[in-house]
Protein chains: 2
Amino acid sequence: MDVVARTIHHPATTGIDLASVLRVLGDPVRLEIVRLLATLDECTCSTIQAHLDIPTSTGSYHLRLLREAGVTRTRASGTERRISLRRDDLDERFPGLVASIVGAGNGDGPG
Amino acid sequence: MDVVARTIHHPATTGIDLASVLRVLGDPVRLEIVRLLATLDECTCSTIQAHLDIPTSTGSYHLRLLREAGVTRTRASGTERRISLRRDDLDERFPGLVASIVGAGNGDGPG
DNA sequence: ACCGTACTTCCATGACTTTGGAAGTAGTGT
DNA sequence: ACACTACTTCCAAAGTCATGGAAGTACGGT
């Protein structure tokens, strides 16, 4: 019908809710996706699914949650979806959050 | 036996896992507890339960999750439990994380 | 028009989470 | 010893989440 119906839904920057962001980030699969996106400016669903070795339906599910929470941005490009971190928006809304999460080691850092 | 048996269980600083921290913080009740603790150096379970208007069993459950994830420290003092944020440990492990979470407005900040 | 690739949605299943009343444990005052 | 306060644990019900195969949608090439 209108543009919205043909567009992938993303919350507005001001609509990004901290508890929702933390909830989606509190899953090892999704945290890994965010870490991957932090190093790879933009990439496709298949790249992410291959990297994590998960079925496409599972990957699609996690990517939808990340997008709906406002963590990622999805852009259609042919049959592909180009996914990126909404770092600018997240930094505006929760300064320091993304840096503290992607900057942290995977668990056994400085010791 | 030893001190541990008489002590409330907390993970070691190096054992605090980021995904686990984010998962427990991704709940509005627990996020509110953390924000309260960030302003009140140390407080009791009843203070928290009264502040959030939740039953004691529910409060006890959320406080256990926060403690087990390494977000809070619980210290027995008579019949009371004195609860505090493990800000020092969290800052050591994930610099900037606590500041970005408690520093953020409740949702509709700068606009 | 047809096919292949890329991705989404549907759906069932099992696992985990949250809630809160009731019962239990543990210090403290008398 | 007894009662009181502070908190924890048990339990069951209800709700939410993650997984992945199968079916569906959409774009691009031929």
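Letters A, B, ... mirror the listed sequences (proteins, then strands); counts begin at 1.
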Rounding to an integer number of Å, can you tell me how far [X] [atom1] sits from [N] [atom2]?
X	N	atom1	atom2	result
B:Gln49	C:dT19	CD	P	13 Å
B:Asp27	D:dT16	CG	P	13 Å
B:Glu80	C:dT28	CD	P	10 Å
A:Leu52	D:dG20	CG	C1'	15 Å
A:Leu25	D:dA18	CG	P	12 Å
A:Glu32	D:dA18	CD	C1'	17 Å
B:Glu68	C:dT17	CD	C1'	14 Å
B:Ile54	C:dG20	CD1	C1'	11 Å

C:dC16 phosphate, OP1 or OP2, under 4.0 Å from B:Arg23 side-chain N/O: no
Is the shortest side-chain N/O distance from B:Arg30 to OP1 or OP2 of C:dT18 below 4.0 Å? yes
Trace of the side chain to side chain contact (heavy atoms under 4.5 Å, CB included) decision for B:Leu65 with B:Asp27: CA-CA 11 Å; B:Leu65 294 189; B:Asp27 175 282; over 6 Å; no
Given [options], which nucleotide is nearest the side-chain atoms of [X]?
X	options	value
A:Ser57	C:dT18, D:dA22, D:dT8	D:dA22
A:Ser46	C:dG20, D:dG20, C:dA6	C:dA6
A:Cys45	C:dC7, C:dT17, D:dC7	C:dC7
B:His62	C:dT19, D:dT19, D:dC7	C:dT19
A:Thr79	D:dC7, D:dG28, D:dT19	D:dG28
A:Arg64	C:dC7, C:dT9, C:dT19	C:dT9
A:Pro55	D:dG20, C:dT8, C:dG20	D:dG20
B:Tyr61	C:dT9, D:dT8, C:dT17	C:dT17

Under 4.0 Å between any heavy atoms, over every strand shown, what does A:Leu65 touch: base, sugar-phosphate, or nothing? Just pick one. sugar-phosphate
Could you pull out the closest heavy-atom pair between [X] and [Y], with the gap in Å?
X	Y	answer
B:Leu31	B:Leu25	CB-O, 3.7 Å
A:Gln49	A:Leu63	NE2-CD1, 4.5 Å
B:Arg67	B:Pro11	O-CD, 3.3 Å

Step by step, work out the side chain to side chain contact (heavy atoms under 4.5 Å, CB included) result for B:Arg30 and B:Val71. CA-CA 10 Å; B:Arg30 294 190 295 259; B:Val71 176; over 6 Å; no
Judged by nearest nucleotide, the residue sitting upstream toward the 5' end of DNA chain D, B:Thr58 or A:Thr58, is B:Thr58
